[in-house]
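Written below as structure tokens is the structure these notes are about.
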Amino acid sequence: MTDFETILLDRKGRVGLITLNRPKALNALNSQLMREVVAAVEELDADREIGAIVITGSEKAFAAGADIKEMAPKTYSEAYGEDFFSDWDKISSARTPIIAAVSGYALGGGCELAMLCDFIIASDTAKFGQPEIKLGVIPGIGGSQRLTRAVGKAKAMDMCLTGRNMDVEEAERAGLVSRIVPVAELLDVALETATTIASMSLPATIMAKEAVNRAFETTLAEGVKFERRVFHSTFATADQKEGMAAFIEKRTPEFKHA
Ligand SMILES: CC(C)(O)CC(=O)SCCNC(=O)CCNC(=O)[C@H](O)C(C)(C)COP(=O)(O)OP(=O)(O)OC[C@H]1O[C@@H](n2cnc3c(N)ncnc32)[C@H](O)[C@@H]1OP(=O)(O)O
């Protein structure tokens, strides 16, 4: 396991928990934190004993965005030359389901990190925003694309052009957040949810994630065809036999994740 300084990595049964841990900077995403989050996701994703991942921050801030102090002096040729922020794409390539457990500020890169996860469970104190416009830039980790897909053009334009924050009720109504829970219960609910996911057949959860994500990248007809082919392939797994046998025998399935 890698040593981490700006995140904490725990394993809780079949769930991997990544906690952003730069409290003095409200979890501002500097290059070290970014490297560590990507490395932790890759490590957990490669571990067949892990069936779901939770990424969380502190009560005050999931993350207040990319580290403005680190980023401010960058030149165009540095940003372009190093393909600044492209490493974050590795999070969306993870096959294991990832839940963002968001409390407090999820701004700029913080909102984008939450949207790189598969869904967001938020506390009643969560605030989401893409305030980059106020800094003279635009989102750079997919905010203009993923926010638009999540909440539609009108709200995404409003957020990206004014830089205003959404409170959690607005975010839930708009479809950015799957559930709102009291702040004191956020981590427990996220871990319980992740444990539920991790108790399902791992091949089936990976296939379900891939199928839902395909909906954003293809036509309806192609997406339905993709889903059907993947559905057919579940009949090659031991877990399909076990899941259906367990239903018929009125018992809890014992998935082998194979
Ligand atoms: C990835 C891209 C391309 O999409 C771009 C981005 O993500 S750009 C960044 C977008 N985020 C922001 O613009 C939010 C910046 N932060 C704030 O507006 C405020 O900090 C706040 C509203 C979230 C919270 O305000 P407050 O409670 O008053 O706390 P502060 O005193 O402002 O902050 C405490 C401490 O944290 C540092 N901090 C906060 N955010 C960042 C950040 N994004 N980068 C670097 N540092 C940040 C802040 O400077 C304070 O530290 P000190 O200066 O006191 O040492």
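Below, all heavy atoms of this structure are taken into account, side chains as well, without hydrogens, waters or symmetry copies.
The main-chain N or O of Leu220 is never found under 3.5 Å from a side-chain atom of Lys225 such that the two would form a donor-acceptor pair. In terms of modelled atom types and a separation under 3.5 Å, the side chain of Asn30 and the main chain of Asp67 share no donor-acceptor contact. Gln145 contributes no side-chain N or O that, together with a main-chain N or O of Gly142, makes up a donor-acceptor pair within less than 3.5 Å. Checked by atom type and distance alone, the side chain of Thr56 never pairs as donor or acceptor with a backbone atom of Thr19 at under 3.5 Å.
Between the side chains of Gln130 and Ser144, not a single donor N or O lies within less than 3.5 Å of an accepting N or O. Looking only at atom types and distance, the side chain of Ser103 has no donor-acceptor partner in the side chain of Glu59 under 3.5 Å away. The closest side-chain donor-acceptor pair between Asp45 and Thr96 falls under 3.5 angstrom.
Placement of Val151 and Phe62 within a single hydrophobic cluster is found when ILVMFWY residues are connected by side-chain heavy-atom separations under 4.5 Å, directly or transitively. A single hydrophobic cluster is not seen to contain both Leu44 and Ile99; linkage of ILVMFWY side chains at heavy-atom distances under 4.5 Å, directly or through other members, places them apart. Linking ILVMFWY residues whenever their side-chain heavy atoms come closer than 4.5 Å, directly or via other members, places Ile141 and Val137 in the same cluster. Grouping the Ile, Leu, Val, Met, Phe, Trp and Tyr side chains by contacts below 4.5 angstrom, directly or via other members, places Ile120 apart from Leu26. Using a 4.5 Å cut-off between side-chain heavy atoms of Ile, Leu, Val, Met, Phe, Trp and Tyr, with links allowed through other members, Leu9 and Leu191 fall into different hydrophobic clusters.
Using a cut-off of 4.0 Å between Lys/Arg side-chain N and Asp/Glu carboxylate O, Glu36 and Arg22 are scored as not salt-bridged. Using a cutoff of 4.0 Å between basic side-chain nitrogens and carboxylate oxygens, Glu170 and Lys155 are scored as salt-bridged.
For Glu82, the CD atom sits in a packed shell: over 12 heavy atoms of surrounding residues, nucleotides or ligands are nearer than 6.0 Å. Enclosure of atom CZ in Arg164 by more than 12 non-hydrogen atoms of other residues, nucleotides or ligands within 6.0 angstrom is indicated. In the displayed structure, Lys241 atom NZ is contacted under 6.0 Å by more than 12 heavy atoms of other residues, nucleotides or ligands. Annotation for Phe235: atom CZ counts as buried by contact number, over 12 foreign heavy atoms lying within 6.0 Å. The number of heavy-atom neighbours closer than 6.0 Å to CD of Glu5, taken from other residues, nucleotides and ligands shown, is 12 or below. Within 6.0 Å of atom CD in Glu217, more than 12 heavy atoms from other residues, nucleotides or ligands are found, so the atom counts as buried in its surroundings.
Note: Leu17 CG to Ile50 CD1 = 10.0 Å, rounded to the nearest 0.5 Å. With rounding to the nearest 0.5 angstrom, the CZ atom of Arg14 is 8.5 Å from the OG atom of Ser199. With rounding to the nearest 0.5 Å, the separation of CG in Asp158 from NZ in Lys153 is 13.0 Å. Residue Asp118 holds its CG atom at 9.5 Å from OG of Ser92, rounded to the nearest 0.5 Å. Put simply, CE on Met166 and CD on Glu172 are 12.0 Å apart, with the number rounded to the nearest 0.5 Å. We find the CG-CG distance between Asp239 and Leu202 to be 8.5 Å, quoted to the nearest 0.5 Å.
Two residues are said to be in side-chain contact when any heavy atoms from C-beta on lie closer than 4.5 Å; Leu147 and Met159 meet this criterion. Using a 4.5 Å heavy-atom cutoff, the side chains of Ile206 and Lys209 are not in contact. Contact check for Leu113 versus Trp88: side-chain heavy atoms found under the 4.5 Å cut-off. Inter-residue side-chain proximity for Thr148 and Met157 is flagged as unmet; no heavy-atom pair is nearer than 4.5 Å. Counting heavy atoms from C-beta on, the side chains of Val181 and Asp124 never come closer than 4.5 Å. Here the side chains of Ile68 and Leu135 are in contact, with some heavy-atom distance below 4.5 Å. Looking at Glu242 and Glu254, their side chains come closer than 4.5 Å, going by heavy atoms from C-beta outward. With a 4.5 Å cut-off on side-chain heavy atoms, Phe128 and Asp167 do not count as touching.
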Exercise. Checking salt bridge (charged side-chain N to carboxylate O under 4.0 Å, His left out) for the pair Lys12/Glu192: CA distance, chi angles, key distance, verdict?
Worked result: CA-CA 10 Å; Lys12 295 184 182 293; Glu192 269 167 34; over 6 Å; no
For this session: Walk me through it: do Asp10 and Val15 pass the test side chain to side chain contact (heavy atoms under 4.5 Å, CB included)?
Result: CA-CA 8 Å; Asp10 285 334; Val15 172; over 6 Å; no
For this session: Report the C-alpha separation of Leu8 and Leu20 in whole Å, then their side-chain angles, then the decisive distance to 0.1 Å, and conclude whether the side chain to side chain contact (heavy atoms under 4.5 Å, CB included) test is met.
Result: CA-CA 7 Å; Leu8 304 170; Leu20 310 185; over 6 Å; no
For this session: Just do the side chain to side chain contact (heavy atoms under 4.5 Å, CB included) check on Ile98 and Phe119 with the steps written out, would you?
Result: CA-CA 7 Å; Ile98 308 180; Phe119 63 100; over 6 Å; no
Problem set entry | side chain to side chain contact (heavy atoms under 4.5 Å, CB included) between Ile121 and Thr193, intermediate numbers included | CA-CA 9 Å; Ile121 300 180; Thr193 307; 3.7 Å; yes
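Ile133 belongs to no hydrophobic cluster with other residues, because no ILVMFWY side-chain heavy atom falls under 4.5 Å from its own, directly or through intermediates.
Under a cutoff of 6.0 Å and an axis angle of 45°, Arg149 and Phe216 do not form a cation-pi pair. With Phe84 as the aromatic partner, Lys74 meets the cation-pi criteria of under 6.0 angstrom to the ring centre and within 45 degrees of the ring axis.
Using bins of under 30°, 30° to 60° and over 60° for the plane-to-plane angle, the ring pair Phe255/His257 lands in the tilted bin.
What you find for Asn27 and Ala61 is that their closest heavy atoms are ND2-O, 3.0 Å. The two residues Val168 and Ser123 have their closest heavy-atom pair at CG2-O, 3.4 Å. Contact record, Gly243 with Pro253: CA-CB, 4.2 Å, taken as the closest heavy-atom pair. Residues Arg95 and Glu210 approach most closely at NH2-OE1, 4.3 Å, considering heavy atoms. Summarising the geometry of Lys127 relative to Leu107, their closest heavy-atom pair is O-CD2, 4.1 Å, with the distance given to 0.1 Å. When every heavy atom of Phe85 is checked against every heavy atom of Ala66, the shortest pair comes out as CZ-CB, 3.6 Å.
Shown here are the side chain to side chain donor-acceptor pair (under 3.5 Å) partners of Ser58, two or more places apart in sequence or in another chain: there are none.
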